[in-house]
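The structure appears right after this line, and notes come after that.
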Amino acid sequence: GAVVSQHPSRVICKSGTSVKIECRSLDFQATTMFWYRQFPKQSLMLMATSNEGSKATYEQGVEKDKFLINHASLTLSTLTVTSAHPEDSSFYICSAPRQGATEAFFGQGTRLTVV
Amino acid sequence: GESVGLHLPTLSVQEGDNSIINCAYSNSASDYFIWYKQESGKGPQFIIDIRSNMDKRQGQRVTVLLNKTVKHLSLQIAATQPGDSAVYFCAENTGFQKLVFGTGTRLLVSP
């Protein structure tokens, strides 16, 4: 079964509104989680590293004021897309490393459509 | 900058054929690579991984080959099935499962 759960799986919002996406590790604690974005027919691009109890680390070119990340507990990280625009429409995917495991565990992804 | 790339965007094969998907990487210091399968609308699914101290690793119907001399890795799928149709990504672990993904190859398997 899934060890990382992402919610919602798809969301449609109006331009200018904000959308929150949740990423939960189900049976382990994750002090770090990663957020990726994937545009249609493209690869996954790392947006930011979410750190429990401290500020997220953003990749170059990713606006931290637009993509707010909160890692409030050891099992939950949230990504909020603020003032969403149509160009923010994408597939957002989180992953969480687990101690002792070599592979990263990915969420199911969230399809965001901004209209 | 550092990147992981693929040569073929689409690979079409017949059911039962063997498939080979290739990937080139640029960071010679990379020591861990992973292949993922992604079906439409879903997150990446782990297939197989390999460390840089190995040149070959086999799983069930899949084999990953690593050539550090030319910074190239490949994924071989034996007896490809329609259920193998998906996009395949190689990824480079840059530290604690922080991944850099390749551009992806779409595998189309015809019955």
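First the proteins, then the strands, lettered A, B, ... as listed; each starts at 1. Not measured: the values here are computed from a predicted model. Every heavy atom of this structure was used, including side-chain atoms; hydrogens, water molecules and symmetry mates were not.
- Within the 4.5 Å cutoff, no side-chain heavy atoms of A/Phe106 are placed close to those of B/Gln38.
- The hydrophobic clustering, which links ILVMFWY residues whose side-chain heavy atoms are closer than 4.5 Å, places B/Leu73 and B/Tyr88 together.
- Closest approach of A/Gln42 to B/Phe89, counting heavy atoms only: O-CZ, 4.0 Å.
- When B/Gln45, B/Lys98, B/Lys42 are compared by the number of non-hydrogen pairs under 4.5 Å with chain A, B/Lys98 comes out ahead.
- Contacts of A/Arg98 with chain B are made by backbone atoms alone, with heavy-atom separations under 4.5 Å and no side-chain atom involved.
- Most heavy-atom pairs under 4.5 Å with chain B, from the set A/Arg111, A/Gln38, A/Lys41: that is A/Gln38.
- A/Phe91 is not connected to A/Val19 by any chain of hydrophobic side-chain contacts under 4.5 Å among Ile, Leu, Val, Met, Phe, Trp and Tyr, and they are in different clusters.
- With a 4.5 Å cut-off on non-hydrogen atoms, A/Gln6 does not touch chain B at all.
- B/Val13 and B/Ile47 fall within the same hydrophobic cluster, where Ile, Leu, Val, Met, Phe, Trp and Tyr residues are linked whenever their side-chain heavy atoms come under 4.5 Å apart, directly or through other members.
- Looking at A/Ser9, there are no atoms closer than 4.5 Å to chain B (heavy atoms on both sides), in backbone or side chain.
- Note on B/Trp35 and B/Leu107: same hydrophobic cluster, where clusters join Ile, Leu, Val, Met, Phe, Trp and Tyr whose side-chain heavy atoms are under 4.5 Å apart, directly or indirectly.
- Listed in order of number, the residues of residues 51-67 of chain B that approach chain A to under 4.5 Å between heavy atoms are B/Arg51.
- Ranked by non-hydrogen atom pairs under 4.5 Å with chain B, the options A/Thr32, A/Leu44, A/Ile93, A/Thr49 are led by A/Leu44.
- Contacts of A/Leu46 with chain B are made by side-chain atoms alone, with heavy-atom separations under 4.5 Å and no backbone atom involved.
- A/Ser43 contributes no side-chain N or O that, together with a main-chain N or O of B/Gly104, makes up a donor-acceptor pair within less than 3.5 Å.
- Near-neighbour residues of residues 57-85 of chain A relative to chain B, defined by a heavy atom under 4.5 Å from a heavy atom of that chain, comprise A/Glu59.
- Hydrophobic clustering, with ILVMFWY side chains joined whenever heavy atoms are under 4.5 angstrom apart, keeps A/Trp35 apart from B/Phe101.
- Two residues are said to be in side-chain contact when any heavy atoms from C-beta on lie closer than 4.5 Å; A/Tyr36 and B/Leu99 meet this criterion.
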